[in-house]
Protein chains: 2
Amino acid sequence: MKIHELEKRMKEAGFKLTNQRLSLLSVLDKFSETMVTAEELLTECQKDYPATNITTVYRNLILLEGLRLLHKTSDSKGKSLYKLVCSDEHHHHMVCLDCGKVESFDFCPLEELRKITERNNFRLVEHNLELYGVCSECDKKINEE
Amino acid sequence: MKIHELEKRMKEAGFKLTNQRLSLLSVLDKFSETMVTAEELLTECQKDYPATNITTVYRNLILLEGLRLLHKTSDSKGKSLYKLVCSDEHHHHMVCLDCGKVESFDFCPLEELRKITERNNFRLVEHNLELYGVCSECDKKINEE
DNA sequence: AAACTAAATGCAAACGATTTGCAATAAGGA
DNA sequence: TCCTTATTGCAAATCGTTTGCATTTAGTTT
Ligand SMILES: [Mn+2]
Ligand SMILES: [Mn+2]
Ligand SMILES: [Zn+2]
Ligand SMILES: [Zn+2]
């Protein structure tokens, strides 16, 4: 989703387009392939609009999540990571443990999973499939050292 | 894994079998099918050994994790959840959003996933597949209301 | 069985990420 | 330009978790 569309969605939802918000959207867009922390977002936002405050970043992240424009997960130590949602079809992610980059893939074993849950009379609501490893670029860097 | 085996493993690793530890192991064993918080574990431990302290619970959870006897995840709000590891083969879980109960299933699309990661030159390190929904028992309860 | 010693504990205090209250500011409509 | 309300910055609170330190205990050695 491009930045103009994001701004439009916020506006449509009745939110004001403040400098802090515009800055955050542009930063999130810049990092759209990588999971990033609130702190990292703040640092970037401040390059662009120095007065930005961490509280405001958090408040706007919550808001974007509510609009289903933001994907939130947490790292192994429980710290939250954010990334704009991808706009395409249902898919899953492979996440680089080194640089945080996220790549998508379309494969989903949902049919198999349904068979399993039905067999257990388990009412499936959602599922989570993620791959963790080292992306080709980081792997290359590591080998060069 | 039964409780006697757990005690043995701790002893073999050179740790003392204190009352607090024995209590925690027995509580974890009691909850072996459900993800529970440190606070819930404390409450149970205290029924059994009232002097138990939350700090001690945390320290022993860290220790059990180190011994690979404990499975740790976090809930949607980032709070940690714990559960004894299952002893059987590689498998995945379906987690009840209502009662927290965890059921296992053996299916794993690992071969398909490998194809995908190889195609991307992504060095796969680990993967995570979890189903969330409502277990048959909770579903029954809900329908009865 | 008493003494010993390192490991384990309890308590209080620190911690770090996130959230909240409140007064000041700014966006966008009138 | 003025007005109203949402939004912000700041400081303080919160919450789960971790740490420092003095005290206690398990398991070993006399
Ligand atoms: Mn995606
Ligand atoms: Mn399991
Ligand atoms: Zn990478
Ligand atoms: Zn259930």
Side-chain angles (χ1 to χ4, degrees), chain A residues 6-27 35-46 48-67 70-83 100, chain B residues 6-28 35-46 48-67 69-83 100:
Chain A
L6 292 169
E7 294 175 5
K8 188 164 150 260
R9 297 282 192 97
M10 293 220 80
K11 195 148 212 173
E12 280 171 1
F15 298 113
K16 294 177 179 175
L17 294 181
T18 63
N19 293 321
Q20 291 89 333
R21 265 173 202 163
L22 294 173
S23 164
L24 179 62
L25 288 177
S26 106
V27 169
M35 307 289 323
V36 284
T37 63
E39 208 60 50
E40 288 167 326
L41 290 168
L42 175 68
T43 304
E44 281 310 300
C45 285
Q46 287 179 333
D48 175 20
Y49 188 78
T52 312
N53 186 279
I54 188 68
T55 307
T56 301
V57 170
Y58 276 116
R59 285 199 267 231
N60 284 318
L61 290 173
I62 289 167
L63 195 151
L64 286 165
E65 218 193 332
L67 292 177
L70 192 69
H71 175 54
K72 180 182 179 183
T73 54
S74 47
D75 70 10
S76 56
K77 289 182 350 225
K79 195 190 288 188
S80 296
L81 297 173
Y82 307 87
K83 171 185 167 309
Chain B
L6 292 169
E7 294 175 6
K8 188 165 150 261
R9 295 281 193 98
M10 293 222 78
K11 194 149 211 173
E12 280 171 0
F15 298 113
K16 295 177 179 176
L17 294 181
T18 62
N19 292 322
Q20 290 89 332
R21 264 174 202 163
L22 295 172
S23 165
L24 179 61
L25 288 177
S26 106
V27 169
L28 280 170
M35 307 289 323
V36 283
T37 63
E39 209 60 48
E40 287 168 327
L41 290 168
L42 175 69
T43 304
E44 281 309 300
C45 284
Q46 287 179 332
D48 174 21
Y49 188 78
T52 312
N53 185 280
I54 189 67
T55 307
T56 301
V57 170
Y58 276 116
R59 285 199 266 232
N60 284 318
L61 290 174
I62 290 169
L63 196 151
L64 287 165
E65 217 192 334
L67 292 177
L69 296 174
L70 191 69
H71 176 56
K72 179 183 180 183
T73 53
S74 47
D75 68 11
S76 56
K77 288 183 350 223
K79 196 190 289 187
S80 296
L81 298 173
Y82 306 88
K83 170 186 167 309

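Sequence lines set the chain letters: A, B, ... in the order given, protein chains first and strands last, and positions in each chain run from 1. Note that this is a predicted model, so its numbers are computed, not measured.
We find that CZ of R21(A) is positioned 9 Å from P of dG28(C), with the value rounded to whole Å. Distance, N19(A) CG to dA6(D) P: 19 Å, rounded to whole Å. Taking atom CD of Q20(A) as the reference point, atom C1' of dA27(C) lies 11 Å away to the nearest angstrom. Y58(B) places its OH atom 17 Å from the P atom of dC11(C), with the value rounded to the nearest Å. Rounded to whole angstrom, the span from the CG atom of N53(A) across to the P atom of dT18(C) amounts to 14 Å. Put simply, CG on L22(A) is 11 Å from C1' on dA27(C), counting in whole angstrom units. One interatomic measurement links the two molecules: NZ of K79(B) to C1' of dG16(C), which rounds to 17 Å at whole-angstrom precision. In this structure, the OH atom of Y49(A) is 15 Å from the P atom of dT7(D), given to the nearest Å.
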Exercise. Could you go step by step and tell me if L64(B) and L28(B) meet the side chain to side chain contact (heavy atoms under 4.5 Å, CB included) rule?
Worked result: CA-CA 11 Å; L64(B) 287 165; L28(B) 280 170; 3.5 Å; yes
For this session: Check step by step if side chain to side chain contact (heavy atoms under 4.5 Å, CB included) holds for T37(A) and L81(A).
Result: CA-CA 5 Å; T37(A) 63; L81(A) 297 173; 3.6 Å; yes
Problem set entry | L61(B) vs K72(B), side chain to side chain contact (heavy atoms under 4.5 Å, CB included): CA-CA, chis, key distance, verdict | CA-CA 9 Å; L61(B) 290 174; K72(B) 179 183 180 183; over 6 Å; no
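Position along DNA chain D of the nearest nucleotide to F15(A) versus E39(B) favours F15(A) as the more 5'-ward residue.
The side chain of T18(B) places no N or O atom within less than 4.0 Å of a non-bridging phosphate oxygen (OP1 or OP2) of dA8(C). Residue S80(A) places no side-chain N or O under 4.0 Å from the OP1 or OP2 atom of dA17(C).
By the 4.5 Å heavy-atom criterion applied to side chains, E44(B) and V36(B) are not counted as neighbours.
In this structure, the separation between NE2 on H71(A) and OH on Y82(A) is 12.0 Å, given to the nearest 0.5 Å.
Residue K16(B) places its side chain closer to dA26(D) than to any other of dA26(D), dC11(C), dG28(C). Checking dA12(C), dT17(D), dT7(D) against every side-chain atom of T55(B), the shortest atom distance belongs to dA12(C). Comparing atom distances between the L17(A) side chain and each of dG28(C), dT17(D), dA8(C) picks out dG28(C) as nearest.
Residue contacts shown for T37(A) are absent, as no nucleic acid heavy atom lies under 4.0 Å away. Counting non-hydrogen atoms under 4.0 angstrom, I54(B) reaches nothing in the nucleic acid. Among the heavy atoms of the strands lying under 4.0 Å from T52(A) are primed sugar atoms or P, OP1, OP2 only; no base atom is included.
The stretch residues 59-67 of chain A touches DNA chain D through R59(A), N60(A), each having a heavy atom under 4.0 angstrom from the strand.
Test T52(B), T56(B), T18(B), D48(B) against S23(B) for side-chain hydrogen bond (donor to acceptor under 3.5 Å, both in side chains) and you get one pass: D48(B).
Using a 4.0 Å cut-off between charged nitrogen and carboxylate oxygen, E7(A) and K11(A) do not count as a salt-bridge pair.
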